[in-house]
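Taking it in order: structure first as structure tokens, then the write-up.
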Amino acid sequence: MSLTFDRRVVLVTGAGGGLGKEYALAFAERGASVVVNDLGADSKGGGKSSAAADKVVDEIKAKGGKAVANYDSVEDGEKLVQAALDAFGRIDIVVNNAGILRDRSFIRTSDLDWDLIHRVHLRGSFLVTRAAWNHMKKQKFGRIIMTASAAGIYGNFGQANYSAAKLGLLGLSNTLAIEGRKYNIHCNTIAPVAGSRLTETVMPPDLVAALKPEYVAPMVLWLCHEQCQENGGLFEVGAGWIGKLRWERTQGGITRQRNQPMTPEAVRDQWDKVCDFTDATKPTSVQESLQSIVSVLSKVESGQDVDAGPTSAPAASSTSGINPTAAVGQKLPPTTFSFSHTQCILYALGVGMSTKDPDHLRFLYEGHPDFGCLPTFGVIPSQAAMMDGGLSSLPGLKIDLTQVLHGEQYLELYKSLPTSGQLTSEATIADILDKGSGAVILLEGERVLTVFHPPDCTAVKSLSLPLSVNTYSGDELLCFNQFSVFVVGAGGFGGKRTSEKAKPLVPPPQRAPDVVLVDSTTNDQAALYRLSGDWNPLHIDPSFAAMGGFQAPILHGLCSFGFAARHVLKQFAGNDPGRFKAIKVRFVKPVMPGQSLQTEMWKEGSRVHIQCKVKETGAVVLSGAYVDLHETAETSQCLPQAEGDLQSELVFAEIGRRIQDSGGELVKKVNAVFGWEITKDGKNVAEWTIDLKNGSGALHRGAYGGKTDVTFTASDEDFMEVVQGKLNPQKAFFSGKLKIRGNVMLGQKLEVILKDHARL
């Protein structure tokens with residue numbers, strides 16, 4: 001089927017002759033409406049004439065085509081695009097072709113020679129493309145061609161100005177390809193070799209004659225057609241031949257050791273490796289280009305032998321490197337983890353605990369009578385099993401650790417964690433799964449290094465590795481970790497896709513959550529959490545995060561994991577770490593420090609299903625997750641309470657009825673949101689929110705997803721004493737029986753809410 005451009009509008013710059021003219025004629029012949037732009041200048045940028053553009057337009061119209069002429073400079077990009085809009089109502093395709101030459105040896109290149117070339121080639125292409133960009137974005141279609149040159153790719157004597165501008169166009173094109181992808185705007189670069197005004201001065205006449213522009217135009221038309229999905233490509237084209245170019249890089253050599261200075265002598269000694277293109281890699285993105293650097297960082301910081309050059313991602317994750325039979329069941333070298341109460345406290349702070357909450361003090365103060373370690377600290381000792389690089393050295397596995405992504409995490413405790421000591425972890429390859437497109441690795445423990453989350457991971461073959469890590473205190477088994485990791489690019493080896501050894505995910509019940517708790521992370525949350533052992537610069541260095549496609553450093557997945565787990569611990573276990581049994585989560589999307597984590601919880605027996613979201617965006621960050629609790633005789637004291645267990649329930653039930661009857665009137669009188677925490681035997685057993693600020697008012701039981709203006713805490717007994725008038729609220733406050741957080745002055749409006757309930 002022939003390729004047509006019916007209803008498409010094309011703008012070709014520099015279309016008065018040579019390649020530009022050929023493009024314009026070819027597009028028009030296949031049904032496009034064409035804006036023929038040409039300033040009418042000579043090859044050095046001098047002069048101005050409308051004759052060249054008019055002649056091409058006349059030729060198109062003589063053949064029955066549609067075209068208009070434009071005589072503006074490409075530095076007036078808005079005018080060129082407006083010409084298309086005025087004549088044809090839209091702009092679909094831009095071919096940046098205009099150019100001039102000012103050839104000089106470098107030492108003889110003047111400021112004018114340099115600036116004029118860049119203004120026409122690089123700045124002109126930028127201005128024309130920018131003028132068309134939003135129109136393409138709105139219509140969800142656009143095709144852009146940048147015209148580079150062999151001089152820009154390889155360099156050429158006497159063309160320093162031209163070469164610099166032409167290679168600049170390639171960089172511009174590559175970035176536009178990334179930014180335009182989601183809007184169906186594709187941008188590609190060609191380096192044509194053809195007879196034209198620019199080449200006739202540097203090529204023999206017989207060669208110019210052989211390199212006809214019509215041998216380049218078909219390539220441009222294909223790249224601009226809606227059927228073509230090429231994006232971000234670089235092509236040399238001429239004489240009917242087309243070749244695609246890509247970067248190639250050596251394996252390189254590592255020239256520093258941990259805690260040792262890097263020296264010129266070390267660079268000299270590794271120079272042969274630095275320049276050896278044997279088994280060269282072919283990076284295609286900033287992320288891929290950084291993988292070797294990240295691999296070095298991981299090896300150097302973990303004290304590994306770094307004499308050998310880093311392994312490239314494609315080679316390390318090749319199908320031939322995976323032998324499940326040899327790998328499954330293999331054990332990594334045992335690791336030890338020594339810690340004191342300081343690490344436990346630092347971890348608690350890292351997952352959002354604060355002295356602002358009195359209930360958190362037992363995890364933050366070593367002198368607290370109930371001082372303990374948060375259960376999810378159990379993931380920290382197992383990190384050492386991965387951090388020394390043992391995974392990549394196992395038989396049957398050939399894995400680049402920079403390609404490893406943390407997919408899922410399971411932690412089970414067999415007894416409460418100590419607050420100090422020395423623990424030993426033993427890791428085993430539980431299984432290897434071939435997910436084909438988007439494969440996973442199950443690891444029990446913690447990954448070595450979290451690098452970037454590729455946007456199209458599901459389109460990449462990978463494998464799944466379950467790694468099991470048992471952690472002991474002496475001979476006593478304390479906890480078990482299993483983490484599932486994706487090794488991107490390592491799938492497709494014909495292995496099984498599921499495993500009975502992998503702890504399954506469980507979807508939440510199909511009903512509204514029983515409890516929703518919102519907790520804000522701080523801007524320094526990632527900087528604080530990393531002190532527990534994950535030193536990846538992705539979580540602290542803005543420039544490093546930017547190269548991974550993030551606007552700022554992202555929060556660790558296991559930090560969100562810790563937030564969600566302690567939410568469950570607070571709501572359903574009275575912050576008793578002894579009640580915690582196990583947790584399983586799947587990591588879905590990253591969180592930015594400073595965002596709020598919203599944990600939705602459903603309690604069914606001893607299992608609490610959880611789903612964690614970013615409150616500001618609604619994006620799910622933890623899914624298929626749950627926490628298993630140990631049932632105890634005290635379970636009835638944990639939220640939610642059965643009706644009738646607390647005297648205060650009668651009061652709040654009556655308040656709820658009053659709000660239904662006259663909530664609008666109460667909102668006018670009070671205009672505030674009150675929170676109540678009811679305690680029993682020193683533990684929080686119920687939470688209520690009286691919303692007399694929004695709409696006609698409402699009463700909520702359980703954790704409140706919004707913000708309260710003031711929160712009161714009292715025991716069930718003291719609350720009833722206050723309500724019945726037996727205890728003066730002011731005396732209750734000064735005696736510590738009634739605690740207030742927030743706007744204390746709002747306490748004066750309590751009478752409006754609580755009066756007339758003494759008769760209950």
Side-chain angles (χ1 to χ4, degrees), residues 337-381 411 413-423 471 473 476 478-479 517 519-522 524-525 528-529 531-533 558-559 561-581 583 599 627 629-630 632-635 637-639 675 677-687 703 711-718 733-742:
F337 178 79
S338 298
F339 67 109
S340 68
H341 66 269
T342 302
Q343 280 86 357
C344 299
I345 294 171
L346 190 62
Y347 175 80
L349 291 169
V351 295
M353 287 201 143
S354 168
T355 55
K356 293 180 180 179
D357 191 330
D359 293 339
H360 291 178
L361 203 59
R362 65 181 298 177
F363 300 105
L364 299 175
Y365 174 43
E366 69 280 5
H368 193 282
D370 294 322
F371 179 62
C373 187
L374 275 174
T376 48
F377 183 76
V379 301
I380 302 300
L411 166 68
L413 299 187
Y414 301 113
K415 65 174 299 182
S416 295
L417 297 172
T419 57
S420 63
Q422 180 171 291
L423 307 180
T471 299
S473 176
E476 184 178 28
L478 284 184
C479 63
L517 187 61
D519 215 343
S520 296
T521 66
T522 70
D524 296 320
Q525 203 71 59
L528 183 58
Y529 182 85
L531 301 181
S532 289
L558 283 176
C559 183
F561 168 91
F563 266 78
R566 67 174 181 77
H567 288 167
V568 174
L569 200 66
K570 174 182 179 179
Q571 293 299 322
F572 295 102
N575 272 332
D576 179 4
R579 295 281 314 284
F580 184 94
K581 180 181 179 182
I583 180 173
T599 305
V627 173
L629 301 172
H630 293 295
T632 70
E634 299 178 352
T635 299
Q637 296 181 2
C638 299
L639 286 173
E677 296 174 346
I678 304 300
T679 67
K680 193 171 184 179
D681 298 328
K683 296 182 178 180
N684 278 16
V685 292
E687 293 186 14
T711 299
F712 304 93
T713 302
S715 70
D716 185 53
E717 181 180 357
D718 290 336
F733 174 73
F734 286 113
S735 66
K737 292 183 177 181
L738 178 64
K739 299 177 182 179
I740 305 177
R741 302 195 309 271

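For the numbers below, each heavy atom of this structure counts, side chains included, while hydrogens, waters and symmetry mates do not. Sequence positions, counted from 1, serve as the residue numbers for this chain.
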> In chain order, what residues pass the ring-ring contact (aromatic ring centres under 6.0 Å, His included) check against Phe580, with sequence neighbours excluded?
Replying inline: none

> Is any side-chain heavy atom of Cys559 less than 4.5 Å from a side-chain heavy atom of Gln525?
Replying inline: yes

> Who passes salt bridge (Lys or Arg N to Asp or Glu O under 4.0 Å) against Asp718, sequence neighbours left out?
Replying inline: none

> Distance from Leu411 atom CG to Thr471 atom OG1, nearest 0.5 Å?
Replying inline: 9.0 Å

> How far apart are the closest heavy atoms of Gly378 and Leu417, and which atoms are they?
Replying inline: N-CD1, 3.4 Å

> Around atom OH of Tyr414, are there more than 12 heavy atoms of other residues, nucleotides or ligands at under 6.0 Å?
Replying inline: yes

>> Between Phe371 and Thr419, is there a side-chain heavy-atom distance shorter than 4.5 Å?
In response: yes

>> Run the salt bridge (charged side-chain N to carboxylate O under 4.0 Å, His left out) test on Lys683 and Asp576 for me, step by step, so that the C-alpha distance in whole Å, both residues' side-chain angles and the decisive distance to 0.1 Å come before the verdict.
In response: CA-CA 10 Å; Lys683 296 182 178 180; Asp576 179 4; 5.2 Å; no

> How long is the gap from CG on Leu423 to OG on Ser338, to the nearest 0.5 Å?
Replying inline: 8.0 Å

Between side-chain atoms of residues 344-352 and protein atoms elsewhere (two or more places apart, or another chain), which donor-acceptor pairs fall under 3.5 Å?
from	atom 1	to	atom 2	distance (Å)
Tyr347	OH	Thr376	O	3.3
Tyr347	OH	Thr376	OG1	2.8

> Of all heavy-atom pairs between Cys479 and Leu413, which one has the smallest distance, and what is that distance?
Replying inline: CB-CD2, 3.5 Å

> Can you name the salt bridge (Lys or Arg N to Asp or Glu O under 4.0 Å) partners of Asp524, sequence neighbours left out?
Replying inline: none

>> Between Phe339 and Phe337, is the ring centroid distance below 6.0 Å?
In response: yes

>> Test of understanding: with salt bridge (Lys or Arg N to Asp or Glu O under 4.0 Å), list the residues that count as partners of Lys415, not counting sequence neighbours.
In response: Glu476

>> Nearest 0.5 Å, please: how far is CG in Asp359 from CG in Leu569?
In response: 10.5 Å

>> Going by side chain to side chain contact (heavy atoms under 4.5 Å, CB included), name the residues that satisfy it together with Glu677, two or more places apart in sequence or in a different chain.
In response: Asn684, Glu687, Thr711, Thr713, Arg741

> Does the side chain of Met353 come within less than 4.5 Å of Leu374's, by heavy atoms?
Replying inline: yes

> So do Pro369 and Arg362 actually touch side chain to side chain, heavy atoms under 4.5 Å?
Replying inline: no

>> To the nearest 0.5 Å, what is the distance between NE2 on His341 and SG on Cys373?
In response: 12.0 Å

>> Could you walk me through whether Arg566 and Asp519 satisfy the salt bridge (charged side-chain N to carboxylate O under 4.0 Å, His left out) test, starting with their C-alpha distance in whole Å, then the side-chain angles of each, then the deciding distance to 0.1 Å, before giving a yes or no?
In response: CA-CA 11 Å; Arg566 67 174 181 77; Asp519 215 343; 2.5 Å; yes

